[in-house]
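Let me begin by handing over the structure; questions about it come next.
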Protein chains: 2
Amino acid sequence: MSHGSFYANAPRHLVAVDCIIFGFEDGKLKLLIIQRKVDPLEGAWSLVGGFVQEDESTDHAAIRVLRQTTGIRDIYMEQLRTYGDANRDTGARVISLAYYALIRISEHDRMLAQEHGAHWLNLHQIPGLIFDHNTMLNEALERLRDKAKFHPIGFELLPEKFSLPQLRNLYEEIYQRPLDKRNFRKKILAMDILEKLDEKDKSTSKKGAHLYRFDRKKYDALTQHGFVFEI
Amino acid sequence: MSHGSFYANAPRHLVAVDCIIFGFEDGKLKLLIIQRKVDPLEGAWSLVGGFVQEDESTDHAAIRVLRQTTGIRDIYMEQLRTYGDANRDTGARVISLAYYALIRISEHDRMLAQEHGAHWLNLHQIPGLIFDHNTMLNEALERLRDKAKFHPIGFELLPEKFSLPQLRNLYEEIYQRPLDKRNFRKKILAMDILEKLDEKDKSTSKKGAHLYRFDRKKYDALTQHGFVFEI
DNA sequence: TCAAAAGTGTTCAGCCTACACCCATGA
DNA sequence: TCATGGGTGTAGGCTGAACACTTTTGA
């Protein structure tokens, strides 16, 4: 092949991003999905997605799609992997990059989501999704579990101020198993990455639970000295 | 946007695969790289890569590219991640899926590789590569370390029959730190996933080291009962 | 006063780490 | 016989898991 035609002769593909958007509310992990607006499979449940534009980085495409649907920006987002089977999309050959995102539902624009036909569904109530989107979801969940075990990303799902019972509840949801109250508290506090506040959260008990805030500066400093977060 | 034009109006992209090909020989981790044959940057060092064809899955593209360059098939290969910056390739806008592969160098067709201008280089002697290929390499190494810690993929880099000193040497190369001889042996043998052979490898000592073979059936059976491999 | 969730310490077992000497054999 | 790498066991410290009662306070 001559040099000039190396790029010119190569086939071109539709490239999409699909977002697996996790949230945490009322003690449950949730997923934001929409009803598809185009054929084929119009009206079916789907992850939030869109095509990568010319001269737009794929990361930017994912951020843009998420912002357009939920109004949220500056959130935790990470590439999962790319789904490239030739027949995965029944409408055309589309290569799709899956990204997963962690959202603080409380800070999220519910109205905008509604306008786009988006809904927060409990993870246990997710219906059949189009194409390979259920596979994407399952792999995203697995990745979330792997990642959350050694990185402090759980905080991305909680409000800025949270209680220890709330935090424990989150990890119980992620890993689908009970965690010992005392051991959890001991482990987390021993890391010395939480700032204890004077406020209490009385929404779930009469006694009230102390609120904490994740101290990223402290975490970053510790990390530079070999500290490794682990749940 | 009307339904019919949903796919038709979307932009199309060049999509490539690039392979980070690891091998292990003479006690050292090695990487297979080639000298680029096309402009821009003709002659510069590059990962092995190629374009994804029409109606070809991206996984298949990676397998094909690797086979065409090295003659090897049926090897361990896994998607790393996709590099999608708009300007990452200076020749054109190309979205690239990186795959990393583990090869038994001894079973590999050196002649075919030579014909393609491919070379096995010691990991510590890798020159500057084109585009973002050094980033791909570094991320692949990190992934290899993460993956090898909890999955028995190290065996993919060794001959079918190997000694424990050889295996330990491999992990010392991967993690770049010495491993205690006795503790390593104890841990590996305790897993009960190796078959001890009657043969010895006398190439590195007069006493000779017993050869072992990875028993995948045993490993799979154990895994189903909750066993987790860990180095 | 009582119900309901928050908060608190200790013990035990298992695992990881550190560490030094004998063995087998070809040269 | 000797140099070289292969092979072996134990003791101490640390970490993770199990586990029950007291505190607070609004209703």
Side-chain angles (χ1 to χ4, degrees), chain A residues 26-28 145 148-150 158-159 161-213 222 225-231, chain B residues 26-28 145 148-150 158-159 161-213 222 225-231:
Chain A
D26 303 330
K28 295 289 170 195
R145 292 190 180 114
K149 182 148 185 63
F150 293 106
L158 292 175
K161 303 171 181 184
F162 53 85
S163 67
L164 289 186
Q166 224 179 334
L167 184 64
R168 180 166 55 90
N169 182 222
L170 168 64
Y171 284 107
E172 288 179 333
E173 265 299 286
I174 293 176
Y175 296 107
Q176 289 291 297
R177 67 187 179 88
L179 298 174
D180 183 271
K181 193 160 59 156
R182 282 171 287 192
N183 293 337
F184 180 82
R185 172 178 288 268
K186 216 184 315 169
K187 194 180 224 176
I188 288 284
L189 292 180
M191 292 187 206
D192 193 30
I193 56 175
L194 295 188
E195 179 189 356
K196 187 173 186 173
L197 306 176
D198 285 333
E199 303 167 66
K200 281 193 167 187
D201 167 24
K202 296 218 169 186
S203 67
T204 53
S205 79
K206 312 187 169 168
K207 184 177 179 181
H210 278 103
L211 289 175
Y212 292 80
R213 183 191 287 138
L222 286 169
H225 293 80
F227 166 77
V228 177
F229 176 92
E230 180 176 355
I231 291 294
Chain B
D26 303 330
K28 295 289 171 194
R145 292 190 181 113
K149 184 149 183 60
F150 293 105
L158 293 175
K161 304 171 180 184
F162 54 85
S163 68
L164 289 185
Q166 225 179 335
L167 184 64
R168 180 166 57 90
N169 182 222
L170 168 63
Y171 284 107
E172 288 179 332
E173 265 299 286
I174 292 176
Y175 296 107
Q176 289 292 298
R177 67 186 179 89
L179 298 174
D180 182 271
K181 194 159 59 157
R182 280 172 288 193
N183 294 337
F184 180 82
R185 171 179 290 269
K186 214 184 315 171
K187 193 181 227 177
I188 288 283
L189 292 181
M191 292 187 205
D192 194 30
I193 56 175
L194 296 188
E195 178 188 357
K196 188 173 185 173
L197 306 176
D198 286 332
E199 303 167 67
K200 282 193 168 187
D201 167 24
K202 296 215 169 186
S203 67
T204 54
S205 80
K206 312 186 170 170
K207 182 177 179 180
H210 278 104
L211 289 175
Y212 292 79
R213 184 192 285 138
L222 286 169
H225 293 81
F227 165 78
V228 177
F229 176 93
E230 179 174 357
I231 290 295

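Atom set for the values below is all heavy atoms of this structure, side chains included, hydrogens, waters and symmetry mates excluded. Letters A, B, ... mirror the listed sequences (proteins, then strands); counts begin at 1.
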Rounded off to whole Å, could you give me the CZ-to-C1' distance for the A:Phe184 and C:dA6 pair? 14 Å
For the pair made of CG in B:Asp180 and P in D:dG9, what is the distance, rounded to whole Å? 14 Å
Report the C-alpha separation of A:Asn169 and A:Leu179 in whole Å, then their side-chain angles, then the decisive distance to 0.1 Å, and conclude whether the side-chain contact (heavy atoms from CB on, under 4.5 Å) test is met. CA-CA 8 Å; A:Asn169 182 222; A:Leu179 298 174; over 6 Å; no
Between A:His210 and C:dG7, does any side-chain N or O lie under 4.0 Å from OP1 or OP2?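 Looking at the OP1 and OP2 atoms of C:dG7, one of them is under 4.0 Å from a side-chain N or O of A:His210.
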A:Glu195 (side chain) donor-acceptor with A:Arg213 (main chain) under 3.5 angstrom: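 No; zero donor-acceptor contacts below 3.5 Å.
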I need the CG-C1' distance between A:Leu164 and C:dG7, as an integer number of Å. 10 Å
Sidechain-backbone polar pair: B:Tyr175 side chain, B:Lys149 backbone, donor-acceptor under 3.5 Å: yes
Nearest-neighbour nucleotide for the B:Pro165 side chain, C:dA6, D:dG6, C:dT17 considered: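 Nearest listed nucleotide: D:dG6.
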Can you name the side chain to side chain contact (heavy atoms under 4.5 Å, CB included) partners of B:Phe150, sequence neighbours left out?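 B:Phe150: side chain to side chain contact (heavy atoms under 4.5 Å, CB included) contacts with B:Val228, B:Glu230.
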Given 3.5 Å as the limit, does a donor-acceptor pair link the side chain of A:Asp201 with the main chain of A:Ser203, or not? yes
To the nearest angstrom, how far is A:Gln166 atom CD from C:dA5 atom C1'?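 Roughly 14 Å, once rounded to whole Å.
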Let's see if you can work this out: which of C:dG9, C:dG7, C:dT17 has an atom nearest to the side-chain heavy atoms of A:Asn183? C:dG9
Tell me: NZ of B:Lys186 to C1' of C:dT17, nearest whole Å?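 It is 8 Å, rounded to the nearest whole Å.
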Distance, rounded to the nearest Å, where B:Arg185 contributes CZ and D:dT10 contributes P: 16 Å
Starting from P on D:dT25, measure out to CG on A:Asp201 and report it in whole angstrom.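 Distance check: A:Asp201 CG to D:dT25 P gives 14 Å.
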Which residues pass the side chain to side chain contact (heavy atoms under 4.5 Å, CB included) test with A:Asn183, not counting sequence neighbours?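 Counting only residues at least two positions away or on another chain, A:Asn183 forms a side chain to side chain contact (heavy atoms under 4.5 Å, CB included) with A:Asp180, A:Lys186.
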Between C:dA6 atom C1' and A:Tyr212 atom OH, what is the distance in whole Å?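 One finds 10 Å between C1' of C:dA6 and OH of A:Tyr212, rounded.
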Nearest heavy-atom approach of A:Phe227 to A:Phe229 is CE2-N, 3.7 Å
Its contact letters, B for base, S for sugar-phosphate only and - for none at protein heavy atoms under 4.0 Å, make nucleotides 20-27 of chain C read B--BBBBS
